[in-house]
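Input: a single structure, listed below in structure tokens.
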Amino acid sequence: MFKAPRGTADILPAEQPWWRYIESQAAAVCRLYGYERISTPAFEDAGLFARSVGEGTDIVNKEMYIFKDRSDNELALRPEGTASVCRAYLEHGMDNQPQPVRMYYFADIFRYERPQAGRYRQHHQFGCEAIGEASPMLDAEVIHMALSFFSSLGLTNFTLQLNSIGCRKCRPVYLQELKKYYQPLSQELCEDCRTRLGKNPLRLLDCKKPGCQRAAESAPRSADYLCEECSLHFQSLKGYLGDLGIKYTLNHRLVRGLDYYTRTVFEIQPLEGGSQSALGGGGRYDDLIGQLGGKATPAIGFATGMERIVMNLKNQGVEVPAAEKPAVFIACLGEAARCEALKTAARLREAGVSVIVSAGDKSLKAQLRNANSAGAAYVAIIGENEVSAGTVMLRNMQTSEQQELQQDDVISVLQADKIK
RNA sequence: GUGAGUGUGGCCCAGAGGCCUAAGGCGCCAGGUUGUGGCCCUGGAUAUCGAGGGUUCGAAUCCCUCCACUCACCCCA
């Protein structure tokens with residue numbers, strides 16, 4: 001027997017209400033903020049991710065699904081969403097549109113990792129990007145949007161972690177300081193961190209090993225080394241957030257694992273969370289479009305993992321709208337009735353009524369049982385009597401009342417009961 | 001990649017060497033008189049006890065190998 005590949009999951013009908021709920025809330029929030037949907041391919045030129053996410057990151061190093069197609073193109077299933085949106089921005093000359101261009105997406109994301117709670121090899125992200133404007137207003141907008149999305153879902157108990165990691169100008173200075181600080185401590189660091197010290201010192205800060213944690217405590221903070229512009233940007237962002245009544249926690253150890261981030265980085269974490277805590281995260285990536293061959297174009301984005309949202313909704317006992325039940329279940333007895341059932345169903349559906357037709361050859365009792373477990377509001381019974389009279393027996397499953405009706409009267413009864 | 005735990009019908013699970021030709025619950029199917037659901041009652045189907053090998057007179061139960069899943073680390077959504 002075949003099984004879904006490791007780290008992938010079927011989202012069964014019973015799970016769909018959560019997904020529908022999340023998707024519709026997301027789309028509603030995006031409408032409120034003027035973001036338009038974009039869909040990009042599930043795979044791209046592998047180089048796109050190597051160049052944007054960064055050669056030194058775990059995502060590119062060990063988590064990408066890379067493959068060659070039959071023409072020897074090196075492709076990768078997307079390990080994140082931002083790179084593709086930026087590629088599309090450039091490819092379609094969106095820099096000619098009024099800036100910033102605001103877009104959102106739902107995307108399947110693929111990363112070759114060992115699965116565990118809240119982590120999958122294929123997962124789904126909802127994200128948004130605002131490309132073409134450097135103002136901290138936009139940072140505030142994206143953060144506000146992310147938070148109001150979670151609130152609109154009914155999630156409480158999460159925090160906003162905020163940091164600024166500077167830009168091309170000031171970050172090198174900071175990294176020097178960081179190295180200077182860590183060098184003498186290198187004996188106390190874990191093996192990974194010792195290599196990070198040379199390759200990607202920012203990552204030293206979010207190592208969870210106790211020794212490294214201690215070292216990180218009193219490490220220099222990026223926010224203290226920002227250049228004039230970055231500092232101003234960060235100050236105004238904090239000001240805007242304050243004005244909007246958004247509470248945040250400054251977290252100098254929040255650095256994020258993708259290389260393209262500049263200035264603002266943020267993460268949203270549930271208060272009582274397992275280890276895969278991040279509900280969502282994002283930040284500014286002012287150099288990325290340039291790195292991909294466009295002109296210098298500032299941008300900021302945010303993404304959230306839908307599986308983790310579902311997890312949190314369940315943990316917090318949030319109720320989501322139930323799946324719609326069929327309005328009418330048609331039960332039929334005998335060959336002549338079967339034909340009549342199909343015709344009746346067609347008529348009802350034309351009127352916009354949802355109908356399940358009982359198929360096969362079951363007893364009326366069995367058909368009613370099926371109707372009950374389908375949650376149908378009404379059952380239309382068509383047997384020999386009804387066929388010859390040209391009627392149906394319409395049974396209200398709630399009240400157990402039933403009446404024999406002319407075909408044409410069925411719809412008006414349903415409408416009177418506001419059933420669709 | 002590393003470490004730990006688990007693997008019994010569609011699902012939850014009992015079972016700890018012979019009483020297991022594997023229990024129970026949920027679900028599914030059928031019946032409880034002729035064309036009527038939800039509750040209740042009765043009956044039924046569905047398990048080569050993850051796979052392979054070994055120990056033993058005898059293994060779901062012990063040992064080995066493999067596989068899968070879960071959780072954790074790394075990192076993140």
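Just so we're on the same page: letters track the sequence lines, and every chain starts at 1.
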May I ask you to say whether A/E350 pairs ionically with A/R347, meaning some side-chain N is under 4.0 Å from a carboxylate O? no
Name the nucleic acid region contacted by A/K62, choosing base, sugar-phosphate or nothing; use a 4.0 angstrom heavy-atom cut-off, strictly under. base
A/E15/A/K314 ion pair, N-O < 4.0 Å: yes
Is the terminal nitrogen or CZ of A/K180 (NZ for Lys, CZ for Arg) located under 6.0 angstrom from the six-membered ring centre of A/Y182 and within 45° of that ring's axis? no
Between A/R114 and B/rC73, is there a side-chain N or O to OP1/OP2 distance below 4.0 Å? no
Under 4.0 Å between any heavy atoms, over every strand shown, what does A/I59 touch: base, sugar-phosphate, or nothing? Just pick one. nothing
Mind checking A/Q269 for me? I need base, sugar-phosphate or nothing, with any heavy atom below 4.0 Å counting as a touch. nothing
Any A/R6 side-chain nitrogen or oxygen under 4.0 Å from OP1 or OP2 of B/rU70: no
A/K343 bridged to A/E340 by N-O distance under 4.0 Å: yes
Per-residue pairing states of RNA chain B in dot-bracket (Watson-Crick or G-U under 3.5 Å; . unpaired, | other strand) read ((((((((.[[[..)..(.....]]].(((((.......))))).....[[[[[..)....]]]]])))))))....
I want to check one thing: is the phosphate of B/rA77, taken as OP1 and OP2, less than 4.0 Å away from some side-chain N or O of A/Q125? no
Please confirm whether any donor atom in the side chain of A/E63 sits under 3.5 Å from an acceptor in the base of B/rG1, or the reverse. no
With distance as the sole criterion, do the side chain of A/Q402 and the base of B/rU36 form a donor-acceptor contact below 3.5 Å? yes
Can you tell me if A/N370 touches the phosphate of B/rC29, counting only side-chain N or O atoms and a distance under 4.0 Å to OP1 or OP2? yes
Could you check whether A/R121 makes a cation-pi contact with A/Y112, meaning its NZ or CZ is under 6.0 Å from the centre of the six-membered ring and within 45° of the ring axis? yes
How many angstroms lie between CD in A/Q99 and CD in A/E133, if you round to the nearest 0.5 Å? 9.0 Å
